[in-house]
S.K.: 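My questions all concern the structure below.
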Amino acid sequence: MNYHTLIIGSGLAGITLVRELRKIDKEREITVVTADDGAFYSKPGLSNAFAANKRPEEMVLMTAGRLASDLDIRVMANTVVTEINARQRTIKGSHGVLAYDQLVLAVGASQIPLSLVGEGVKDVLSINSLADYARLRTGLQGKRSVAIIGAGLIGCEFANDLRLGGFDVDVYDQLENPMGRLLPPVAAKRLRNRLEAIGVGFHLETRLESICRDGERQIVVDSQARWRPYDLVISAIGVRPNLALARTATVATGVGIVTDPFLRTSDPHIYALGDCVELDGIFLPYVMPIMKGAMKLATTLCGRPEPVIYPAMPIVLKTPACPTVVSPPPAGRLGHWDIQIAEDGLRALYLDHASGEPTGFVLQDKCTRERVALAAMMPAIRLK
Ligand SMILES: Cc1cc2nc3c(=O)[nH]c(=O)nc-3n(C[C@H](O)[C@H](O)[C@H](O)COP(=O)(O)OP(=O)(O)OC[C@H]3O[C@@H](n4cnc5c(N)ncnc54)[C@H](O)[C@@H]3O)c2cc1C
């Protein structure tokens, strides 16, 4: 039988899945419906593109037309899907109605809205797409000072990149350290010191309350009524899965679209992949889970169900001021960090209290070369 596989979303998840499907099945009908223009680009590249002076159009790896012809698929770009009728197996949107045999939701995640008050809030930028990056470049023209809200992975990467691009950059966070949720304090402080050494300012343990306007400038105000003016404010406080569409199909959702290890949702004909997924209570908005998931999902969609297995998936920070790799220990596993600092950098192993075995690691500077060898020693993420 020639199935019609319909994929909503043309990000890394949607397009990687198409590629994996085509390795197995050259014949099946595949349609990708996407709200954006369908151009394929590397999203991780957005947070180190500014210093390299990359124009948005230079970041496009393949246009929608090229994807369609090379992969022999139909791409419906600039098409927002608003509703899924799971009983009739159709989707509805700005294109009209389309039928499917298998539906894959690869709809990604969106920036968490800021809970701040003030007339400057609406002008805060977040960068989660190529179009956002284009807005950032336009917004920074002729400007000098930037505030970044959030000192997590994306905030630190943009801080490093924009500083290298010649901007005055301040980073705000409520936590005591940058990357405070992923790095042990010693590693986080090294990252902070290196970013400070290139001129990034940190305002940590700082709770922001409002963003006001003074003409062209945005005034960032904290809970102690301290304030500073900036030309531009960026929010990097994290993303949350896009759930609205899945809910129209009454597919189970929690933090994300809930799937089993086969990436199947509570509806047997609907699957999910990428930043929109919650698998076994885990939300992993990173590249590696998409690559691992796409391979298995393609096999499953072709009639040979295979569960996803997530090995340890180290995250590489694009902070040249302090090269850092982190492989977070599984949530809920008790242990402690064993940290060594030598000439070649920092090496930290998270040792499990019960077994004494390493279950996570952090590497900095030249030690980052050990990431592949160390990742191979880490336990796979256990999925029910
Ligand atoms: C700046 C930045 C840097 C990053 N750096 C790293 C890194 O170094 N390492 C790493 O592992 N990860 C990194 N990530 C995360 C990584 O990029 C993401 O995990 C990945 O790109 C998500 O891909 P996706 O396809 O799931 O979602 P997306 O790329 O968000 O794609 C979602 C797609 O769904 C479409 N869509 C949504 N709703 C609808 C609808 N209703 N109708 C039609 N279409 C719809 C959108 O148009 C889009 O095409 C970074 C993310 C950002 C923002």
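The model shown is predicted, which means the values in this text are computed figures rather than measured ones. Counting starts at 1 for both ligands and their atoms, following the listed order.
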S.K.: With the threshold set at 4.0 Å, does a side-chain nitrogen-carboxylate oxygen contact exist between D168 and R144?
M.R.: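 Salt bridge: yes.
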S.K.: Counting heavy atoms only, which of V81, T16, I154 is nearest atom 3 (C) of ligand 1?
M.R.: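 When every heavy atom of V81, T16, I154 is considered, I154 comes closest to atom 3 (C) of ligand 1.
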S.K.: Would A13 count as a polar contact of ligand 1, with the cut-off being nitrogen or oxygen pairs under 3.5 Å?
M.R.: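 Such a contact does occur with ligand 1.
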S.K.: Who's the nearest protein heavy-atom neighbour of atom 35 (C) of ligand 1, and how far?
M.R.: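 Protein heavy atom with the smallest distance to atom 35 (C) of ligand 1: G9 CA, 3.6 Å.
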S.K.: With backbone taken as N, CA, C and O and side chain as the heavy atoms from C-beta onward, which portion of I127 lies under 4.0 Å from ligand 1: side chain, backbone, both, or neither?
M.R.: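 Near ligand 1, I127 shows its backbone, while the atoms from C-beta on stay back.
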S.K.: Inspect the contact between D132 and R135 and indicate whether a charged nitrogen and a carboxylate oxygen are less than 4.0 angstrom apart.
M.R.: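 Salt bridge: yes.
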S.K.: I'd like to know if R207 pairs up with D222 as an ion pair, taking the criterion as any Lys NZ or Arg NE/NH1/NH2 lying under 4.0 Å from an Asp or Glu carboxylate oxygen.
M.R.: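 Result for this pair is no, no salt bridge flagged.
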S.K.: Taking the side chain as every heavy atom from C-beta outward, state whether T259 and Y271 have any pair of such atoms under 4.5 Å apart.
M.R.: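 No, too far: nothing below the 4.5 Å cut-off.
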S.K.: Please say whether S47 places an N or O atom under 3.5 Å from an N or O atom belonging to ligand 1.
M.R.: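 Among all N and O atoms of S47, none is under 3.5 Å from an N or O of ligand 1.
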S.K.: Quick check: do T90 and E83 have side-chain heavy atoms less than 4.5 Å from each other?
M.R.: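 Contact flag for T90/E83 side chains = no.
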S.K.: Heavy atoms, side chains only, cut-off 4.5 Å: are L363 and R369 in contact?
M.R.: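 In short, these two side chains do not touch, never coming nearer than 4.5 Å.
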S.K.: List the closest protein heavy-atom neighbour of atom 48 (C) of ligand 1: residue, atom name, distance to the nearest 0.1 Å.
M.R.: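 In this structure, atom 48 (C) of ligand 1 has D36 OD2, 3.3 Å as its nearest protein heavy atom.
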S.K.: Find out whether the Lys NZ or Arg CZ of R19 is both under 6.0 angstrom from the six-membered ring centre of F40 and within 45° of the ring's axis.
M.R.: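 Cation-pi check for R19 and F40: passes.
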S.K.: Just going by heavy-atom distances, which of P44, A35, A106 is nearest to atom 33 (C) of ligand 1?
M.R.: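 Of the listed residues, A106 has the closest heavy atom.
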S.K.: Within a distance under 4.0 Å of any heavy atom of F158, pick out the atoms of ligand 1 and give their elements.
M.R.: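 Those qualifying, in numeric order: 1 (C).
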S.K.: Please determine whether a side-chain nitrogen of the Lys or Arg among R213 and E119 lies less than 4.0 Å from a carboxylate oxygen of the Asp or Glu.
M.R.: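 The answer is no: the pair does not qualify as a salt bridge.
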S.K.: Is any NZ, NE, NH1 or NH2 atom of the basic residue among R194 and D365 found under 4.0 Å from an Asp or Glu carboxylate oxygen of the other?
M.R.: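 So R194 pairs with D365 through a salt bridge.
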S.K.: Based purely on interatomic distance, does V287 place a nitrogen or oxygen under 3.5 Å from a nitrogen or oxygen of ligand 1?
M.R.: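 Between V287 and ligand 1 (N or O atoms, distance only) the closest approach is under 3.5 Å.
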S.K.: So, does T79 sit close enough to ligand 1 that a heavy atom of it is under 4.0 Å from the ligand?
M.R.: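 Flag set, T79 near ligand 1.
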S.K.: Number the atoms of ligand 1 from 1 as they appear, then name those within less than 4.0 Å of a heavy atom of P285, with their elements.
M.R.: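 What qualifies from ligand 1 is 15 (C), 19 (O).
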S.K.: Taking all non-hydrogen atoms of both residues, which atom of V124 and which atom of I234 are closest, and how far apart?
M.R.: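 Minimum heavy-atom separation between V124 and I234: CG1-C, 4.0 Å.
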S.K.: I need the nearest protein heavy-atom contact for atom 39 (C) of ligand 1: residue, atom name and distance, please.
M.R.: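 Residue, atom and distance for the closest contact: V107 CG1, 4.0 Å.
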S.K.: Just distances here: any N/O of G14 and N/O of ligand 1 closer than 3.5 Å?
M.R.: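 No: no nitrogen or oxygen of G14 is under 3.5 Å from one in ligand 1.
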S.K.: Report yes or no: do V277 and I7 belong to one cluster of Ile/Leu/Val/Met/Phe/Trp/Tyr joined by side chain heavy-atom distances under 4.5 Å?
M.R.: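 Yes, it is one cluster - the side chains of V277 and I7 are joined through contacts under 4.5 Å.
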S.K.: Strictly below 4.0 Å, N to O, side chains only: are R264 and D267 in salt-bridge contact?
M.R.: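 No.
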S.K.: If the cut-off is 4.0 Å to any non-hydrogen atom of V80, which atoms of ligand 1 fall inside it?
M.R.: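 So the atoms of ligand 1 that pass are 42 (N).
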S.K.: Can you tell me which residue and heavy atom of the protein come closest to atom 23 (O) of ligand 1, and the distance to 0.1 Å?
M.R.: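 Scanning the protein heavy atoms, the shortest distance from atom 23 (O) of ligand 1 goes to I290 CD1, 3.5 Å.
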S.K.: Treating D280 as the side-chain partner and I282 as the backbone partner, does any N or O pair qualify as donor plus acceptor under 3.5 Å?
M.R.: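 Checked: no pair found.
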S.K.: Any nitrogen or oxygen of M288, main chain or side chain, under 3.5 Å from a nitrogen or oxygen of ligand 1?
M.R.: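 Not met; the criterion fails.
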S.K.: Just to confirm my output: which protein heavy-atom neighbour is closest to atom 31 (O) of ligand 1, and how far is it?
M.R.: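 Residue, atom and distance for the closest contact: G11 CA, 3.6 Å.
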S.K.: Would R137 count as a cation-pi partner of F50, with NZ or CZ less than 6.0 Å from the six-membered ring centre and within 45° of the ring normal?
M.R.: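 Yes; both conditions hold, so R137 lies above the ring face of F50.
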S.K.: Around atom 28 (P) of ligand 1, find the nearest protein heavy atom and jot down its residue, atom name and distance.
M.R.: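 In this structure, atom 28 (P) of ligand 1 has K43 NZ, 3.6 Å as its nearest protein heavy atom.
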S.K.: Which atoms of ligand 1 have any heavy atom of N128 under 4.0 Å away?
M.R.: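 Under 4.0 Å from N128, ligand 1 has these atoms: 53 (C).
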S.K.: Which protein heavy atom lies closest to atom 5 (N) of ligand 1, and at what distance to 0.1 Å?
M.R.: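 Checked against all protein heavy atoms, atom 5 (N) of ligand 1 sits closest to K318 NZ, 3.0 Å.
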S.K.: In terms of atom number and element, which parts of ligand 1 are under 4.0 angstrom from non-hydrogen atoms of G274?
M.R.: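 So the atoms of ligand 1 that pass are 26 (O).
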S.K.: Just need the protein heavy atom nearest to atom 18 (C) of ligand 1, so name the residue and atom and give the distance.
M.R.: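 For atom 18 (C) of ligand 1, the nearest protein heavy atom is D275 OD2, 3.4 Å.
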S.K.: Heavy-atom contacts under 4.0 Å between I8 and ligand 1: side chain, backbone, both, or neither?
M.R.: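 Under 4.0 Å from ligand 1, I8 contributes side-chain atoms alone.
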